[in-house]
Protein chains: 2
Amino acid sequence: MASKPRRPIPDATVSRLPIYQRVLDELQNTGSTTVSSEDLAELAGVNAAKARKDLSFLGSYGIRGVGYEVDYLLFQIRHALGLTQQWPVLIVGVGNLGRALADYAGFTSRGFPVVALVDDDPAKIGTEHVGVEIRPLADLADLVRELDIAIGVIAIPSSGAQRVADLLVEAGVSSILNFAPAVLTVPDDVHLRQVDLAVELQILSFHRQRGRRDVEARDPGGRSG
Amino acid sequence: MASKPRRPIPDATVSRLPIYQRVLDELQNTGSTTVSSEDLAELAGVNAAKARKDLSFLGSYGIRGVGYEVDYLLFQIRHALGLTQQWPVLIVGVGNLGRALADYAGFTSRGFPVVALVDDDPAKIGTEHVGVEIRPLADLADLVRELDIAIGVIAIPSSGAQRVADLLVEAGVSSILNFAPAVLTVPDDVHLRQVDLAVELQILSFHRQRGRRDVEARDPGGRSG
DNA sequence: GGTGCCTTGTGAAACGCTGCACATGGTTGC
DNA sequence: GCAACCATGTGCAGCGTTTCACAAGGCACC
């Protein structure tokens, strides 16, 4: 037994593995055969100790005194992330965002081919985008079954997002990526991730605001007891 | 006034404030005047105690025995997030994603008007999108100064992302939202947030993979050394 | 074959976040 | 004005993540 996960991989580590993967990909393209945790961490924008601990959750794939073999580490990360196979993606909503996502080459090249597009606008149904026919919302369940959809992407206004999420779940999709600015409710066994563009801007706004306040008056007082 | 930051607001709380804001916005539109932490938490998809603790960092704006006044709490959250004013946004890269972002009504309606578009494709320069003229990359610094740009959005392929980030920083932009799948380096006083679509998919892939492994119970084809 | 150098892998401390449980304090009804 | 009620605000314990510091282990050179 080799690649059995001795310890569960922490969420924080999982969210960084794709970054390491991309960095290693670039290193591979530049001809590097080995890399130290320090160099890898630098390229990934993290602490070297963190990088080592992250990688240690996959197993002991480093060579002390030398570093990590790029090819082998890359394989192990891909294996851990489940990127040794393709995961067909269905996008609901072929508006500006849906089109941008469908066109995004990074999806297909990283193993997430967009194989189905769904929309409820009669004018769009039947037309093609990037070689994929746009189908009506009613076909969703059929498409999921026929194309073995692994991940559903919600790229519609928030008003219909919960209904679409319900449809996806009902059709058997257990991984959903939601771009609608709404809080969705799904069963526990369905993995839902949220990308909220307005939230990101508001967080930036907060820090900018705070920075100004810091400059205005640094107040060490207060009634914290 | 006198709204001194008693305690620094934790990052985790900051990232949830925009959610509360959106929920309160909806409550306001439905005519609710007060809301309990339990109801608010339910709508925001979090624990009630967490919601109370989050809000307590802004100050004691609740009424014991009653709940929170929607209007007032909304004002306080907006104030904390710096949303009492508009933050002009510049988007670099008017490809599919850049257009989608420029068209996204959620930006302007939440106080982030897209006032400038920049691209390096000569065919696009001079044309308009959503009423904003597309200008060459060389005009970036001028636009930042003239329009008092608060936030720069990078929506170009990763190969040019660092260069554009450098240009933005040099022009005085201190808040950057990056959609390019690359690790960017900026000075400490610049706030950088990363939205990486492929990373999100890979995290979903990991969880799906893990679920399957649980089902398989044993992994065939493991490689030991 | 031995010595010294180099990098990994990890124990442990520090830090931040979460969630429970309850004291606090304001409101309502009489 | 008083008592019962109710939701907030928070002390505290538990948990996950980060970071340091160092022992363990492999390689290269002589």
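Order of the sequence lines sets the chain letters (A, B, ...), proteins ahead of strands, with each chain counted from 1.
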Which donor-acceptor pairs under 3.5 Å do side chains of residues 156-168 of chain A form with protein atoms, sequence neighbours excluded?
{"residue": "Q162(A)", "atom": "OE1", "partner": "T185(A)", "partner atom": "N", "Å": "2.9"}
{"residue": "Q162(A)", "atom": "NE2", "partner": "D166(A)", "partner atom": "OD1", "Å": "2.9"}
{"residue": "Q162(A)", "atom": "NE2", "partner": "T185(A)", "partner atom": "O", "Å": "3.0"}

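Between the CG atom of L55(B) and the C1' atom of dT10(D) there is a distance of 14 Å, given to the nearest Å. Taking atom CG on L73(A) and atom C1' on dT7(C), their separation rounds to 14 Å, with Å as the unit. With rounding to whole Å, L58(B) atom CG is found 15 Å from dT10(D) atom C1'. Summarising the geometry, the separation between CZ on F57(A) and P on dT8(C) is reported as 16 Å, rounded to the nearest angstrom. Following rounding to the nearest Å, L40(B) (CG) and dA7(D) (P) show an atom-to-atom distance of 14 Å.
Closest heavy-atom contact between A171(A) and A141(A): CB-CA, 3.8 Å.
Residue Y68(A) places at least one side-chain N or O under 4.0 Å from the OP1 or OP2 atom of dG9(C). For dT8(C), one of the phosphate oxygens OP1 or OP2 lies less than 4.0 angstrom from a side-chain nitrogen or oxygen of S37(A).
The nucleotide whose nearest atom lies closest to any side-chain atom of S56(B) is, among dT10(D), dT8(C), dG26(D), dT10(D). With dT27(C), dT8(D), dC27(D) as the choices, the nucleotide that has an atom nearest any side-chain atom of I63(A) turns out to be dC27(D).
Within 6.0 Å of CD on Q194(A) lie more than 12 heavy atoms contributed by other residues, nucleotides or ligands.
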Its contact letters, B for base, S for sugar-phosphate only and - for none at protein heavy atoms under 4.0 Å, make nucleotides 17-25 of chain C read SSBBB--BB
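Rounded to the nearest 0.5 Å, atoms CD1 (I154(A)) and CG (N178(A)) are 4.5 Å apart.
When each of R193(A), R22(A), R110(A) is paired with D196(B), the salt bridge (Lys or Arg N to Asp or Glu O under 4.0 Å) condition holds for R22(A) and for no other.
Checking S37(A) against R52(A) by side-chain atom types alone, a donor-acceptor pair falls below 3.5 Å.
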